[in-house]
Amino acid sequence: MATNATSRAPGVSVQGLGFLVATSLMWGFNWPLVKYLLAALPPFSIRAASGLIGTALVLAIALARRESLMPPRGQWGRLCLAASLNVTAWMALTTLSLLWLRASETTILAYTLPIWASLLAWPLLGERPTPARGVGLVLGLSGIVLLVAHGTPG
(Lines give C-alpha, C1' and ligand atoms only; values in the text may rest on other atoms or scores of the structure.)
Protein backbone atom coordinates (compact mmCIF):
# COMPACT_ATOMS: atom_id res chain seq x y z
CA MET A 1 0.00 0.00 0.00
CA ALA A 2 1.49 3.32 -1.07
CA THR A 3 1.65 6.01 1.57
CA ASN A 4 2.98 8.72 -0.71
CA ALA A 5 0.13 10.78 -2.23
CA THR A 6 2.24 11.51 -5.31
CA SER A 7 3.07 7.88 -6.15
CA ARG A 8 2.09 6.69 -9.62
CA ALA A 9 2.54 3.72 -11.86
CA PRO A 10 6.15 2.91 -12.79
CA GLY A 11 7.29 4.75 -15.90
CA VAL A 12 4.49 7.34 -15.79
CA SER A 13 5.65 10.93 -15.52
CA VAL A 14 3.83 14.22 -15.40
CA GLN A 15 6.01 15.43 -18.26
CA GLY A 16 5.13 12.35 -20.35
CA LEU A 17 1.43 12.83 -19.71
CA GLY A 18 1.77 16.49 -20.63
CA PHE A 19 3.43 15.57 -23.93
CA LEU A 20 0.67 13.03 -24.60
CA VAL A 21 -2.07 15.62 -24.01
CA ALA A 22 -0.29 18.27 -26.09
CA THR A 23 0.33 15.84 -28.96
CA SER A 24 -3.28 14.63 -28.91
CA LEU A 25 -4.64 18.16 -28.98
CA MET A 26 -2.30 19.32 -31.75
CA TRP A 27 -2.96 16.21 -33.80
CA GLY A 28 -6.72 16.60 -33.38
CA PHE A 29 -6.77 20.30 -34.23
CA ASN A 30 -4.57 19.68 -37.28
CA TRP A 31 -7.45 18.32 -39.39
CA PRO A 32 -9.93 21.22 -39.11
CA LEU A 33 -7.07 23.75 -39.24
CA VAL A 34 -5.69 22.36 -42.52
CA LYS A 35 -9.24 22.19 -43.92
CA TYR A 36 -9.67 25.88 -43.05
CA LEU A 37 -6.29 26.84 -44.55
CA LEU A 38 -7.13 25.06 -47.81
CA ALA A 39 -9.60 27.85 -48.55
CA ALA A 40 -6.74 30.34 -48.64
CA LEU A 41 -3.63 28.40 -49.68
CA PRO A 42 -2.73 25.67 -52.18
CA PRO A 43 -2.60 22.20 -50.57
CA PHE A 44 1.09 21.56 -50.99
CA SER A 45 2.07 25.03 -49.72
CA ILE A 46 0.46 24.13 -46.40
CA ARG A 47 2.28 20.82 -46.15
CA ALA A 48 5.60 22.23 -47.37
CA ALA A 49 5.42 24.92 -44.68
CA SER A 50 4.57 22.42 -41.96
CA GLY A 51 7.36 20.10 -43.13
CA LEU A 52 9.92 22.89 -43.12
CA ILE A 53 8.83 24.11 -39.69
CA GLY A 54 8.91 20.54 -38.32
CA THR A 55 12.36 19.95 -39.80
CA ALA A 56 13.68 23.18 -38.31
CA LEU A 57 12.30 22.27 -34.87
CA VAL A 58 13.79 18.76 -34.95
CA LEU A 59 17.16 20.13 -36.05
CA ALA A 60 17.09 22.80 -33.34
CA ILE A 61 16.27 20.24 -30.65
CA ALA A 62 18.96 17.86 -31.90
CA LEU A 63 21.55 20.65 -31.94
CA ALA A 64 20.56 21.83 -28.46
CA ARG A 65 20.90 18.27 -27.14
CA ARG A 66 24.07 17.65 -29.18
CA GLU A 67 22.52 14.61 -30.86
CA SER A 68 23.18 13.32 -34.35
CA LEU A 69 20.32 12.77 -36.76
CA MET A 70 22.37 10.58 -39.09
CA PRO A 71 20.84 7.14 -39.56
CA PRO A 72 22.99 4.03 -39.10
CA ARG A 73 25.08 2.98 -42.09
CA GLY A 74 23.11 0.78 -44.47
CA GLN A 75 19.71 2.15 -43.45
CA TRP A 76 19.38 4.91 -46.05
CA GLY A 77 17.28 2.82 -48.45
CA ARG A 78 14.80 1.81 -45.77
CA LEU A 79 14.71 5.34 -44.43
CA CYS A 80 13.93 6.80 -47.87
CA LEU A 81 11.21 4.22 -48.50
CA ALA A 82 9.62 4.79 -45.10
CA ALA A 83 9.83 8.56 -45.50
CA SER A 84 8.25 8.51 -48.94
CA LEU A 85 5.40 6.26 -47.83
CA ASN A 86 4.83 7.30 -44.24
CA VAL A 87 5.45 11.01 -44.52
CA THR A 88 5.33 12.23 -48.10
CA ALA A 89 2.46 10.09 -49.37
CA TRP A 90 0.54 10.45 -46.10
CA MET A 91 0.81 14.24 -46.05
CA ALA A 92 0.01 14.62 -49.75
CA LEU A 93 -2.92 12.23 -49.88
CA THR A 94 -4.56 13.33 -46.63
CA THR A 95 -4.25 16.97 -47.64
CA LEU A 96 -5.79 16.26 -51.04
CA SER A 97 -8.61 14.34 -49.38
CA LEU A 98 -9.49 17.45 -47.38
CA LEU A 99 -10.34 19.16 -50.69
CA TRP A 100 -13.21 16.74 -51.24
CA LEU A 101 -14.22 15.50 -47.79
CA ARG A 102 -15.11 17.08 -44.46
CA ALA A 103 -12.31 17.10 -41.90
CA SER A 104 -14.20 14.55 -39.77
CA GLU A 105 -14.58 12.16 -42.72
CA THR A 106 -10.92 12.50 -43.68
CA THR A 107 -9.84 11.83 -40.10
CA ILE A 108 -11.94 8.69 -39.86
CA LEU A 109 -10.70 7.44 -43.22
CA ALA A 110 -7.06 8.21 -42.36
CA TYR A 111 -7.17 6.33 -39.08
CA THR A 112 -8.53 3.17 -40.66
CA LEU A 113 -4.93 2.48 -41.68
CA PRO A 114 -4.47 -0.30 -39.06
CA ILE A 115 -7.40 -2.19 -40.57
CA TRP A 116 -5.93 -2.10 -44.07
CA ALA A 117 -2.45 -2.89 -42.77
CA SER A 118 -3.86 -5.95 -40.99
CA LEU A 119 -5.64 -7.11 -44.11
CA LEU A 120 -2.50 -6.66 -46.23
CA ALA A 121 -0.27 -8.37 -43.66
CA TRP A 122 -1.87 -11.73 -44.38
CA PRO A 123 -1.00 -12.00 -48.09
CA LEU A 124 2.12 -9.81 -48.08
CA LEU A 125 3.84 -10.85 -44.86
CA GLY A 126 2.32 -14.28 -44.35
CA GLU A 127 0.76 -13.41 -40.99
CA ARG A 128 -1.80 -15.98 -40.01
CA PRO A 129 -5.34 -14.79 -39.28
CA THR A 130 -6.40 -15.51 -35.71
CA PRO A 131 -9.87 -15.38 -34.18
CA ALA A 132 -8.91 -12.32 -32.10
CA ARG A 133 -7.64 -10.45 -35.20
CA GLY A 134 -10.78 -11.44 -37.09
CA VAL A 135 -12.98 -10.07 -34.31
CA GLY A 136 -10.91 -6.88 -34.24
CA LEU A 137 -11.25 -6.43 -38.00
CA VAL A 138 -15.00 -7.06 -37.92
CA LEU A 139 -15.43 -4.55 -35.08
CA GLY A 140 -13.24 -1.96 -36.81
CA LEU A 141 -15.01 -2.30 -40.15
CA SER A 142 -18.41 -2.27 -38.41
CA GLY A 143 -17.52 0.99 -36.71
CA ILE A 144 -16.55 2.53 -40.04
CA VAL A 145 -19.79 1.35 -41.64
CA LEU A 146 -21.79 2.86 -38.76
CA LEU A 147 -19.95 6.16 -38.98
CA VAL A 148 -20.33 6.38 -42.76
CA ALA A 149 -23.95 5.21 -42.76
CA HIS A 150 -24.83 7.71 -40.04
CA GLY A 151 -23.76 10.57 -42.31
CA THR A 152 -25.75 9.43 -45.37
CA PRO A 153 -29.33 10.55 -45.98
CA GLY A 154 -32.11 7.99 -46.02
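Given the structure is predicted, the values throughout are model-derived calculations rather than measurements. Note: hydrogens, waters and symmetry copies are ignored here, and every other heavy atom, side chains too, is used.
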Trainee: Ignoring hydrogens and angles, tell me if any N or O in the side chain of S50 forms a donor-acceptor pair with the backbone of R47 under 3.5 Å.
Mentor: yes

Trainee: Spell out, as yes or no, whether a donor-acceptor pair under 3.5 Å connects the side chain of T88 to the backbone of L85.
Mentor: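 Checked: no pair found.
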
Trainee: Measure the CD1-OH distance between I46 and Y36 for me, rounded to the nearest 0.5 Å.
Mentor: 11.5 Å

Trainee: Is there a path of hydrophobic side-chain contacts, each under 4.5 Å between heavy atoms of I/L/V/M/F/W/Y residues, joining I144 to L120?
Mentor: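 Unlinked, L120 and I144 end up in two clusters.
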
Trainee: What closest approach, in Å, do A110 and W31 show between heavy atoms, and which atom pair accounts for it?
Mentor: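 Of all heavy-atom pairs spanning A110 and W31, the closest is CB-CH2, 3.8 Å.
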
Trainee: Please round to the nearest 0.5 Å and tell me the distance separating atom CG of L79 and atom CE of M70.
Mentor: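 Nearest 0.5 Å value for the CG-CE distance: 9.5 Å.
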
Trainee: Can you get from V34 to W27 by hopping between Ile, Leu, Val, Met, Phe, Trp and Tyr side chains that sit under 4.5 Å apart?
Mentor: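 Same cluster.
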
Trainee: Hey, could you give me the CG/OG1 distance between L99 and T106, rounded to the nearest 0.5 Å?
Mentor: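 So the CG of L99 and the OG1 of T106 are separated by 9.0 Å.
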
Trainee: According to the side-chain hydrogen bond (donor to acceptor under 3.5 Å, both in side chains) rule, which pairs have a member within residues 122-148, sequence neighbours left out?
Mentor: E127-R133

Trainee: Under a 4.5 Å side-chain heavy-atom rule over Ile, Leu, Val, Met, Phe, Trp and Tyr, are L33 and W100 clustered together?
Mentor: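 In one cluster: yes.
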
Trainee: Using 0.5 Å steps for rounding, measure from the OG atom of S24 to the CZ atom of F19.
Mentor: 13.0 Å

Trainee: Are L146 and L101 connected, step by step, through hydrophobic side chains (Ile, Leu, Val, Met, Phe, Trp, Tyr) whose heavy atoms are closer than 4.5 Å?
Mentor: no

Trainee: If you measure from CG on L109 to CG on L93, what distance do you get to the nearest 0.5 Å?
Mentor: 10.5 Å

Trainee: Please lay out, stage by stage, how T107 and T94 fare under the test side chain to side chain contact (heavy atoms under 4.5 Å, CB included).
Mentor: CA-CA 9 Å; T107 305; T94 56; over 6 Å; no

Trainee: Taking atom CH2 of W76 and atom CG of L81, what is their separation to the nearest 0.5 Å?
Mentor: 14.5 Å

Trainee: Short question: side chain of E105, backbone of R102 - any donor-acceptor pair under 3.5 Å?
Mentor: yes

Trainee: So do the side chains of L119 and I115 get within less than 4.5 Å of each other, counting heavy atoms only?
Mentor: yes

Trainee: Between K35 and L98 (side chain of the first, backbone of the second, donor and acceptor by atom type, cut-off under 3.5 Å), is there such a pair?
Mentor: yes

Trainee: Could you see if L52 belongs to whatever hydrophobic cluster contains L41? Use Ile, Leu, Val, Met, Phe, Trp, Tyr and a side-chain cutoff under 4.5 Å.
Mentor: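 In one cluster: no.
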
